Enquirer: 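I have a structure here, written as structure tokens, and I will follow up with some questions on it.
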Amino acid sequence: RKDLIFTYKGTVYPTTLCTAEIFKAMESFEARRDDVILAGFPKSGTNWFGQILSDLIATAAKNNKNETNHHNDVPEEFPYLEIGDPEKYERMKKLPPRRLIRTHMSPQNLPESIFKNKAKILLLLRNPKDLATSYYHFSLVFSPFPSYESWDSFFKDFMAGKVPWGSYFNYLSEWNKYIVSENVMPVSFEEVKENTYLGVKKIVEFFEFPLNEEEIHAVVQRSSFQSMKTNSKNTHGAFGDVLFRKGGVSDWRNLFEEKHNLEMDKMYKEHLAATTLGTRLNYDVYCK
Ligand code: A3P
């Protein structure tokens, strides 16, 4: 089990997806000002927001009639910055404007050019109890991640930052140092679930995508849990049912016992409650 993870610069990664070579090669990555960066811890909704952003990029490119739409010509690249083969950064240099780049990494480990070149970053937040619940179910079926005999043993590793991409609490504490920048916009899973139209509208304005109302509504519709789950039969096969599990808020209530609540509430209080991002989690609403 332990051979499935390795530590790089203090953070745990899955050996089957990330390698020391890729981290070395990533040093050659040069961000562009018009890159669209999606940052989110595993299970925070990265596939959902990835769908929204790629749809917005494709629609904007179609509208930009003076430019050729290269997007259909670009071969599918494994979309996470830190996953793939070391040569991917060379291939990424050839991609047309508005590259969509997803990452699960903490900001201090990301290539500096992302911040230096002022690429805009959409930072995903999800309440830690639902995120842990989603992560546990995913670990049971996703073979590159270590699996667990019980929820208890997963919870222990999750709280200790021993799951792939490390501690969610550290992740948020680190990102909290970066959100003073106007190029980083935090958005929560829960707020977009509550009102997807407003969430997408916020994203459109932040990245300045040239879309009209009708087009925005179409993007919202195509990003619904049901349509993504149905479509996943084509895009992900049986894996779709794992990736699009419940897609809701509060499923943690089916898994957490008093002892888990106590431990996580304490962790939240000690590490996040006093931070801006901690406040943005709306912990008292979603985790109590
Ligand atoms: P659950 O396991 O709670 O259902 P990620 O993409 O980062 O791995 O996150 C996966 C989580 O996002 C899963 O949560 C999944 O169901 C949820 N999700 C995926 N697409 C969604 C959508 N269109 N709307 C709401 N939630 C979605």
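Please read all numbers here as calculations on a predicted model, not as lab measurements. Values below: every heavy atom of this structure, side chains too, minus hydrogens, waters and symmetry copies.
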Enquirer: Can you name the nearest heavy-atom pair linking Leu172 to Leu277, along with the distance?
Expert: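 Leu172 and Leu277 have their closest heavy atoms at O-CD1, 3.6 Å.
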Enquirer: Could you grab the distance from atom NZ of Lys88 to atom CG of Leu95, nearest 0.5 Å is fine?
Expert: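 It is 10.0 Å, given to the nearest 0.5 Å.
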Enquirer: Just by modelled atom types, is the Lys156 backbone N or O under 3.5 Å from a matching donor or acceptor in the Lys162 side chain?
Expert: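 Checking the backbone N and O of Lys156 against the side chain of Lys162, no donor-acceptor pair under 3.5 Å is found.
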Enquirer: Could you check Met105 against Thr11 for side-chain contact (heavy atoms from CB on, under 4.5 Å), going step by step and ending with a plain yes or no?
Expert: CA-CA 9 Å; Met105 288 175 72; Thr11 303; over 6 Å; no
Enquirer: Crowded around Glu194 CD? As in, over 12 foreign heavy atoms under 6.0 Å?
Expert: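 Atom CD in Glu194 is not packed in, count stays at 12 or less.
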Enquirer: Where do Asp130 and Gly248 come nearest, in terms of heavy atoms and distance?
Expert: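 So the two residues come closest at OD2-O, 4.2 Å.
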Enquirer: Decide whether Tyr168 and Leu262 are clustered together by the hydrophobic rule: side chain heavy atoms of Ile, Leu, Val, Met, Phe, Trp, Tyr closer than 4.5 Å, transitively.
Expert: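 Shared cluster, no.
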Enquirer: Only one of Glu30, Glu112, Arg33, Arg32 passes side-chain hydrogen bond (donor to acceptor under 3.5 Å, both in side chains) with Asn117; say which it is.
Expert: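 In the set Glu30, Glu112, Arg33, Arg32, the residue that makes a side-chain hydrogen bond (donor to acceptor under 3.5 Å, both in side chains) with Asn117 is Glu30.
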Enquirer: Output a table of donor-acceptor pairs, distance under 3.5 Å, between side-chain atoms of residues 195-204 and any protein atom two or more places apart or on a different chain; print 'none' if there are none.
Expert:
residue	atom	partner	partner atom	Å
Asn195	OD1	Tyr197	N	3.3
Asn195	OD1	Leu198	N	3.1
Thr196	OG1	Val192	O	2.8
Tyr197	OH	Glu213	OE1	2.3
Tyr197	OH	Glu213	OE2	3.2
Lys201	NZ	Glu213	OE2	2.5
Lys202	NZ	Glu191	OE1	3.1

Enquirer: I'd like to know whether the aromatic ring centres of Phe49 and Phe189 sit less than 6.0 Å apart in this structure.
Expert: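 Between Phe189 and Phe49, which both carry aromatic rings, the centre distance is not below 6.0 Å.
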Enquirer: Under a 4.5 Å cut-off applied to non-hydrogen side-chain atoms, are Val242 and Phe138 in contact?
Expert: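 Yes, side chains in contact.
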Enquirer: Applying side chain to side chain donor-acceptor pair (under 3.5 Å), name anything that partners Asp265, two or more places apart in sequence or on another chain.
Expert: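 With sequence neighbours excluded, Asp265 shows a side chain to side chain donor-acceptor pair (under 3.5 Å) to Lys129, Tyr283, given in chain and number order.
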Enquirer: Donor-acceptor check, side chain of Ser227 to backbone of Gln221, threshold 3.5 angstrom: yes or no?
Expert: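 Yes; at least one donor-acceptor contact below 3.5 Å.
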Enquirer: For Phe115 and Pro107, which heavy atoms make the closest approach, and how far apart are they?
Expert: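 In this case the closest contact between Phe115 and Pro107 is CE1-O, 3.6 Å.
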Enquirer: I'd like to know whether Gln108 forms a side-chain contact (heavy atoms from CB on, under 4.5 Å) with Tyr178, so could you lay out the CA-CA distance, the side-chain angles of the two residues, the decisive distance to 0.1 Å, and finally the verdict.
Expert: CA-CA 9 Å; Gln108 78 280 16; Tyr178 289 74; 4.0 Å; yes
Enquirer: Tell me whether the NZ or CZ atom of Lys9 lies within the 45° cone about the ring axis of Phe23 and under 6.0 Å from its centre.
Expert: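 Relative to the ring axis of Phe23, which defines the angle, Lys9 lies outside at least one limit.
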Enquirer: With a 6.0 Å cut-off (strictly less than), is the heavy-atom count around NZ of Lys120, excluding the residue itself, greater than 12?
Expert: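 For Lys120, atom NZ is crowded (more than 12 foreign heavy atoms under 6.0 Å).
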Enquirer: Which heavy-atom pair separates Pro210 from Ala60 by the least distance, and what is that distance?
Expert: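 Smallest interatomic distance, heavy atoms only, reads CD-CB, 3.6 Å.
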Enquirer: Are the side chains of Thr59 and Arg222 in contact, using a 4.5 Å heavy-atom criterion?
Expert: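 A side-chain contact under 4.5 Å exists here.
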Enquirer: Yes or no on side-chain hydrogen bond (donor to acceptor under 3.5 Å, both in side chains) for Asn231 and Gln51, after CA distance, side-chain angles and deciding distance?
Expert: CA-CA 11 Å; Asn231 197 26; Gln51 155 71 29; 5.6 Å; no
Enquirer: Examine distances only and state if a side-chain atom of Thr7 and a backbone atom of Val12 form a donor-acceptor pair shorter than 3.5 Å.
Expert: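 No; zero donor-acceptor contacts below 3.5 Å.
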Enquirer: Can you tell if the side chain of Ile22 reaches within under 4.5 Å of the side chain of Tyr89, non-hydrogen atoms only?
Expert: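 Answer yes - side chains close enough.
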Enquirer: Calculate, to the nearest 0.5 Å, the distance between atoms CG and CD1 belonging to Leu53 and Ile37 respectively.
Expert: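 Between Leu53 CG and Ile37 CD1, I get 11.0 Å after rounding to 0.5 Å.
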Enquirer: Run the numbers on Phe145 and Leu17 for side-chain contact (heavy atoms from CB on, under 4.5 Å), then give the verdict.
Expert: CA-CA 9 Å; Phe145 286 6; Leu17 301 178; 4.1 Å; yes
Enquirer: Less than 6.0 Å separating the ring centroids of Tyr135 and Phe154?
Expert: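 Ring-ring flag for Tyr135/Phe154: true, centres closer than 6.0 Å.
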Enquirer: Surrounding CD of Glu257 (heavy atoms of other residues, nucleotides or ligands, distance under 6.0 Å), is the total greater than 12?
Expert: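 More than 12 heavy atoms, drawn from other residues, nucleotides or ligands, come within 6.0 Å of this atom.
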Enquirer: Enter the distance from Asn47:CG to Met228:CE here, rounded to the nearest 0.5 Å.
Expert: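 Between Asn47 CG and Met228 CE, I get 6.0 Å after rounding to 0.5 Å.
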Enquirer: Met264 and Val285: same hydrophobic cluster, using ILVMFWY side-chain contacts below 4.5 Å?
Expert: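 Same cluster.
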Enquirer: State, to 0.1 Å, how close Phe256 and Ala132 come at their nearest heavy-atom pair, and which atoms those are.
Expert: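 Nearest pair, atom of Phe256 first, then Ala132: CZ-CB, 4.5 Å.
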Enquirer: Assess whether a salt bridge exists between Lys233 and Asp241, defined as any Lys/Arg side-chain N lying under 4.0 Å from an Asp/Glu carboxylate O.
Expert: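 Yes, Lys233 and Asp241 are salt-bridged.
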Enquirer: Under a 3.5 Å threshold, yes or no: a donor from one side chain and an acceptor from the other, between Asp157 and Tyr148?
Expert: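 Indeed, the side chains of Asp157 and Tyr148 share at least one donor-acceptor pair under 3.5 Å.
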Enquirer: Check the pair Asn254 / Lys246 against side-chain contact (heavy atoms from CB on, under 4.5 Å), numbers first and verdict last.
Expert: CA-CA 12 Å; Asn254 296 316; Lys246 289 198 166 173; 4.0 Å; yes
Enquirer: When you compare the side chains of Asn109 and Glu82, does any donor N or O come within less than 3.5 Å of an acceptor on the partner?
Expert: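 No - no donor-acceptor pair under 3.5 Å links their side chains.
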Enquirer: Ring centres under 6.0 Å, that's the criterion: do Trp48 and Phe225 meet it?
Expert: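 No, they do not, as the ring centres are separated by 6.0 Å or more.
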Enquirer: Using side-chain heavy atoms (C-beta onward) and a distance below 4.5 Å, is Val187 in contact with Phe206?
Expert: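 Result no, sub-4.5 Å side-chain heavy-atom pair not found.
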Enquirer: Do the two ring centres, one from Trp252 and one from His260, sit under 6.0 Å apart?
Expert: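 No, they do not, as the ring centres are separated by 6.0 Å or more.
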Enquirer: Decide yes or no for Tyr171 and Trp165: does some side-chain heavy atom of the first lie under 4.5 Å from some side-chain heavy atom of the second?
Expert: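 No, every pair of side-chain atoms sits at 4.5 Å or beyond.
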Enquirer: If you round to the nearest 0.5 Å, how far is CG of Leu131 from CG of Leu281?
Expert: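 Reported value, rounded in 0.5 Å steps: 10.0 Å.
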Enquirer: Is the shortest side-chain N to carboxylate O distance from Asp85 to Arg91 below 4.0 Å?
Expert: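 Salt bridge between Asp85 and Arg91, a charged N being under 4.0 Å from a carboxylate O: yes.
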Enquirer: Counting C-beta onward and ignoring hydrogens, is there a side-chain heavy-atom pair between Asn282 and Ser188 closer than 4.5 Å?
Expert: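 Asn282 does not reach Ser188 side chain to side chain.
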Enquirer: To the nearest 0.5 Å, how far apart are OG1 in Thr19 and CD1 in Ile83?
Expert: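 Taking OG1 in Thr19 and CD1 in Ile83, the distance rounds to 10.5 Å.
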Enquirer: Measuring from Thr279:OG1 to Asp284:CG, what's the distance to the nearest 0.5 Å?
Expert: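 If I round to the nearest 0.5 Å, the distance is 10.0 Å.
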Enquirer: Hey, does Leu81 have a side-chain heavy atom less than 4.5 Å from the side chain of Phe29?
Expert: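 Contact flag for Phe29/Leu81 side chains = yes.
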Enquirer: Heavy-atom distance under 4.5 Å between the side chains of Ile121 and Trp175, does that happen here?
Expert: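 Of all side-chain heavy-atom pairs linking Trp175 with Ile121, at least one is under 4.5 Å.
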Enquirer: If every non-hydrogen atom of His137 is compared with every non-hydrogen atom of Leu255, which pair is closest and at what distance?
Expert: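 Of all heavy-atom pairs spanning His137 and Leu255, the closest is NE2-CD2, 4.2 Å.
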Enquirer: Taking the side chain from Ser44 and the backbone from Arg126, do they hold a donor-acceptor pair closer than 3.5 Å?
Expert: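 No, the answer is negative, given that no donor and acceptor are paired below the 3.5 Å cut-off.
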Enquirer: Can we say Glu90 and Lys93 salt-bridge, meaning some charged N sits less than 4.0 Å from an Asp/Glu carboxylate O?
Expert: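 A salt bridge links Glu90 with Lys93.
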